[in-house]
Number of protein chains: 2
Amino acid sequence: MNIKDKLFMKNIVTVSGGTGGYTILSGLKNIPGISISAIVSMADDGGSNKILRDEFGVLPPSDVRLCLSALSDHPEVIRKLMNYRFEEGFLASHSFGNILLLALERVTGDFATGVEIASDILKVKGKVIPITKDRAHLSMLLKDGSLILGETNIDHYNFQDIGIDKIFYENNVALNESAKKALIEADYIVLGPGDYYTSIIPSLIVDGFREALLASKAKIILPVNLTNKQGHTMHWKVSNYVNVMEKYLGKIIDYILVNTETPSKEQEERYKLEEGDGVLVADDFKDSRVIREPLLSHLFFTYGKADKIRDSRSFIRHDSEKLADCIKKIIEKNN
Amino acid sequence: MNIKDKLFMKNIVTVSGGTGGYTILSGLKNIPGISISAIVSMADDGGSNKILRDEFGVLPPSDVRLCLSALSDHPEVIRKLMNYRFEEGFLASHSFGNILLLALERVTGDFATGVEIASDILKVKGKVIPITKDRAHLSMLLKDGSLILGETNIDHYNFQDIGIDKIFYENNVALNESAKKALIEADYIVLGPGDYYTSIIPSLIVDGFREALLASKAKIILPVNLTNKQGHTMHWKVSNYVNVMEKYLGKIIDYILVNTETPSKEQEERYKLEEGDGVLVADDFKDSRVIREPLLSHLFFTYGKADKIRDSRSFIRHDSEKLADCIKKIIEKNN
């Protein structure tokens, strides 16, 4: 790339967990003239991640794996390889990509360096950056004084009626220097999509994140979640998502992306079975920052039997291309 | 590459097991103007391979992994990654590269296709070809009527005094079409180095190998092993190695490479501990086909604790560069 191209290059940073990160990055990858940095939460402690954290003391690889495979410029088979989940023997329920990241951590002595090498092998367009190099033990203190330990326990806990006093890490979890640099140099920061209390907010409360955000001139984009989560965000409307996010950010969101498409009958029926309270379709929130667009994927997502936590995975998702297109329009308008 | 270069390109085929294949390919890789096809034995059923064969029904990946990493054009860290052997947890004693090949077999549905994709990811210079797509169960019938089942059991069996009646596969093990093509189109075929009865001969007895060899105009090169193997080839001299190999080949060997260098004291002492009967240094075998050169590596090989079969691994080895240089001279002389 020549210097002129680099000058016009826009830096996009995404802050996400796994599935949401995969969705948005798969689309952003195809926008020309942008440089992507995917900052990935390290709070995950469920499923295969739990075993890898416990037995190997490694940072949780699943979300990184998803972001790497989303941004890989290799043919489709490499994405399949990265996300292939073994079904038999001593490897049952583990993803190949997680084992790759574990091995690279062992060989290089450092998880973040391992991710860089994986990016090289996988011809990743952009950077995938673990938000911290510290092992992160997420906790939540509720208003009735009860303490929930661990991301997975928070994920399954019905805390909405009790109310949150504080979400925090048990230990000191500091922002990775590369993540700090990416945030400060960003032109746009996209928050989510993803579960609020187990995927997005855990990144915002990492020590140094807010400071980096304040030092950045980036415009902030929030693709509002498509569904409300049982026990966490039931009955929420767009205004709730915006207000809570801004509270944790300490900054105003610039663009609020709201979906206008209704899901298919099949999606809705499946959704009701899971006791969701309805899908968020463009509600009455009046604000000039809101962009209303059809953003829904009509793919019907299924998960393999080897996936131990498949029941809690999302099946109503954003469409990667529509989301990317919406963000592309924002960038073009500002140029 | 243009057509003219391709015309002058020499096709080199190696027939080997793991460590020997790694040694020779690491050197051959750096010779300009040659195209390498590494045909790999599928008889291995020990260590990690045993578990992967038993639990996943996959072809044994270890020898393929070693050949891939030898030919990889990636930086050193990727070789380290491929051969990294996990030390803890459910992955203990398994090599990362074996798990990669297993996952690729699962994703593509075919081991040989998986090897092709691994070659692509690893930027392999040349081709790595499993000798067969069939699961190979090696057996040996001795002159006293006893039958040894499996490559690992043969490896540890002291059969030399009893004598071999027959070495064969229990099942039908057919030559892979790509291996056949490589043999027929070869200009040079290098046999070994490697254990005779568990690594080299198991390839020669694959159904269709001899026919392919007879149809080929390739010159055959034999780098004679550096050491004799307890219970298999004790007290052998160069003439024994040549005669036995020619019997299995049904063809005359064109070049016999014999080492003239004596090992270090450290190497020899370690060797005596392992009850070897002396190192083969250029003996009295008179033949115009013999090329005598210093071919010994002075590296002192060690193996990790996680390697369950480290005690049976070789520690007196050919030097990759010296061996490659010797082969390069043969090619140049014939041009």
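As a basis for the values below, the full set of heavy atoms in this structure was taken, side chains included, without hydrogen atoms, waters or symmetry mates. Each chain gets a letter, A, B and so on, in the order its sequence line appears, and its residues count up from 1.
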Heavy-atom distance under 4.5 Å to chain A: side chain of [X], backbone, both or neither?
| X | result |
| --- | --- |
| B:Ile78 | side chain |
| B:Leu52 | side chain |
| B:Phe90 | both |
| B:Ile117 | side chain |

What do you reckon, is [atom1] of [X] surrounded by more than 12 foreign heavy atoms closer than 6.0 Å?
| X | atom1 | value |
| --- | --- | --- |
| A:Lys80 | NZ | no |
| A:Lys322 | NZ | yes |
| A:Lys50 | NZ | no |

TODO: Spell out, as yes or no, whether a donor-acceptor pair under 3.5 Å connects the side chain of A:Asn176 to the backbone of A:Ile131.
DONE: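 Between the backbone of A:Ile131 and the side chain of A:Asn176 there is no qualifying donor-acceptor contact (under 3.5 Å).
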
